[in-house]
Amino acid sequence: MKKEKILIMGAGGQIGVELAMALRKLYGTDNVIATDIREAHPLLDGAGPYYILDAMDANSTLDIIKKEGITQIYLLAALLSATGEKNPKGAWDINMRSLLQVLDLGVEQKLTKIYWPSSIAVFGPTTPKSQTPQKTVVEPRTVYGVSKYAGELWCQYYNQRWGLDVRSIRYPGLISWKSEPGGGTTDYAVDIYHKALEEGKYTCFLSEDTYLPMMYMDDAIRGTIELMEAPVEMMKSRMAYNLSAMSFSPKEIAASIQKHIPDFTIDYAPDFRQAIADGWPQSIDDTAAREDWGWKHEYDLDKMTADMLKHLKEKKQPV
Ligand code: SER
């Protein structure tokens with residue numbers, strides 16, 4: 001077992017729940033301290049050390065670091081793209097203040113590593129849409145994207161200025177069955193599986209040909225841990241790494257579901273999230289992650305659909 005003591009902030013979110021479970025397998029349950037502003041997610045409840053913690057509360061964070069002897073932090077608390085547009089200043093405040101506080105704590109407390117997620121939302125309408133490169137035009141138009149890009153620059157700055165080992169990934173839309181997404185523009189690609197099983201139909205808030213980069217949560221969690229475990233000399237970029245697995249449209253995910261549920265139907269009622277999606281890349285070039293630290297995805301659309309439907313069916317109709 002590795003000798004690290006990990007603090008996860010925002011452990012109740014879509015990534016946090018599964019990351020907490022995966023890190024506990026690797027580092028031991030008691031060495032991974034899960035925290036969130038909310039009560040424990042059912043999958044984390046009673047499953048290991050847990051604190052209620054507001055990611056903006058630096059004093060309480062420091063108390064936990066000292067009490068638990070924390071050596072690494074995964075800061076996952078954030079407002080996402082759709083929620084952020086409803087509360088831009090709040091999103092900026094939550095996303096930035098929590099990051100800067102954690103970066104300062106990282107330096108002061110001499111933490112060995114920090115993880116902070118970025119997103120494809122750093123890109124905007126002026127970015128090349130297809131196979132978007134690691135380094136390209138970056139002019140985000142959502143407050144979420146602005147906060148993520150500013151955050152990447154801060155992470156790079158703390159690395160160069162203070163030697164802090166901060167690592168980051170630009171996640172595409174993440175699809176999972178264990179934990180629920182919240183407030184994102186890519187969330188439709190999770191809801192659609194639930195509705196397919198529950199109602200046999202789905203009304204999508206994006207138009208049928210809106211292509212977005214996506215990834216199955218299993219790949220995202222493995223990629224995150226691989227990035228964090230990689231030797232420091234492999235970290236050629238201190239901006240977040242592009243990470244790619246698949247790209248599909250609502251029409252294509254519906255067709256993938258119809259291979260299992262032939263009567264499934266989809267219709268479309270685009271809302272304000274369409275404009276957010278239209279500003280983002282359709283697919284991502286992740287050569288840098290593949291070359292620098294060996295990233296490789298495992299799930300494509302059909303493999304993910306089969307796994308999602310299997311697990312969600314079991315979850316909805318426990319035997
Ligand atoms: N899944 C996120 C969102 O839709 C993108 O990082 O906001």
Side-chain angles (χ1 to χ4, degrees), residues 10 12-19 74-88 90-92 94-96 98-99 115-125 127 129 132 138 140-152 155 168-193 204-207 210-221 223-224 227 239-250 253 270-284 286 289 297 299 304 308:
Q14 189 192 12
I15 300 170
V17 170
E18 296 209 28
L19 198 52
Y74 287 66
L75 171 60
L76 306 172
L79 287 196
L80 269 66
S81 60
T83 319
E85 290 313 288
K86 291 184 183 154
N87 179 10
W92 174 259
I94 290 172
N95 296 357
M96 283 295 91
S98 58
L99 174 62
Y115 181 78
W116 180 78
S118 186
S119 161
I120 54 159
V122 297
F123 300 117
T127 303
K129 270 201 164 325
T132 302
V138 179
R141 297 279 170 88
T142 61
V143 69
Y144 176 63
V146 173
S147 73
K148 286 296 174 188
Y149 195 58
E152 284 193 24
C155 291
S168 183
I169 286 171
R170 289 174 184 151
Y171 292 119
L174 297 178
I175 293 129
S176 59
W177 59 271
K178 286 187 194 142
S179 50
E180 306 73 35
T185 302
T186 56
D187 294 6
Y188 91 85
V190 177
D191 296 342
I192 193 169
Y193 289 109
C204 187
F205 57 73
L206 298 180
S207 63
T210 308
Y211 280 84
L212 287 171
M214 299 278 187
M215 182 179 291
Y216 199 34
M217 188 60 89
D218 295 42
D219 275 341
I221 298 296
T224 304
L227 172 77
M239 297 296 278
Y241 277 98
N242 278 9
L243 225 59
S244 164
M246 59 185 111
S247 167
F248 57 77
S249 64
I253 190 175
D271 65 14
F272 74 101
R273 288 168 281 195
Q274 184 67 46
I276 299 177
D278 287 343
W280 286 352
Q282 295 180 334
S283 60
I284 296 286
D286 60 358
H297 72 279
Y299 284 85
M304 174 177 79
M308 279 293 283

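In each ligand, atom 1 is the first atom listed, and ligand 1 is the first ligand listed.
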For W280, take its heavy atoms, then give the atoms of ligand 1 lying under 4.0 Å from any of them. 3 (C), 4 (O), 5 (C), 7 (O)
When you check the side-chain N and O atoms of S247 and Q282, is any donor under 3.5 Å from an acceptor? no
Parallel under 30°, tilted from 30 to 60°, perpendicular over 60°: which one fits the rings of F248 and Y188? perpendicular
Record the part of A121 in heavy-atom contact with ligand 1 below 4.0 Å; permitted values are side chain, backbone, both and neither. neither
Looking only at distance, does S119 have an N or O less than 3.5 Å from an N or O of ligand 1? yes
Checking a contact table here: which protein heavy atom is nearest atom 7 (O) of ligand 1, and how many Å away? S81 OG, 2.6 Å
So if I apply the side chain to side chain contact (heavy atoms under 4.5 Å, CB included) rule between M214 and each of I253, I120, I284, T186, which one comes out positive? T186
Verify whether one side chain among S81 and T142 offers a donor that lies under 3.5 Å from an acceptor in the other. no
Just checking, is any N or O donor in the side chain of S168 or E152 under 3.5 Å from an acceptor N or O on the other one? no
Name the closest protein heavy atom to atom 4 (O) of ligand 1, giving the residue it belongs to and the distance to 0.1 Å. T185 N, 2.6 Å
Please confirm whether T186 comes within less than 3.5 Å of ligand 1 when only nitrogen or oxygen atoms on both sides are compared. yes
Residue-level breakdown please: for Y188 versus ligand 1, do any non-hydrogen atoms fall below 4.0 Å on the side chain, on the backbone, on both, or on neither? neither
Give the intermediate values and the outcome of side chain to side chain contact (heavy atoms under 4.5 Å, CB included) for residues R170 and M239. CA-CA 9 Å; R170 289 174 184 151; M239 297 296 278; 4.3 Å; yes
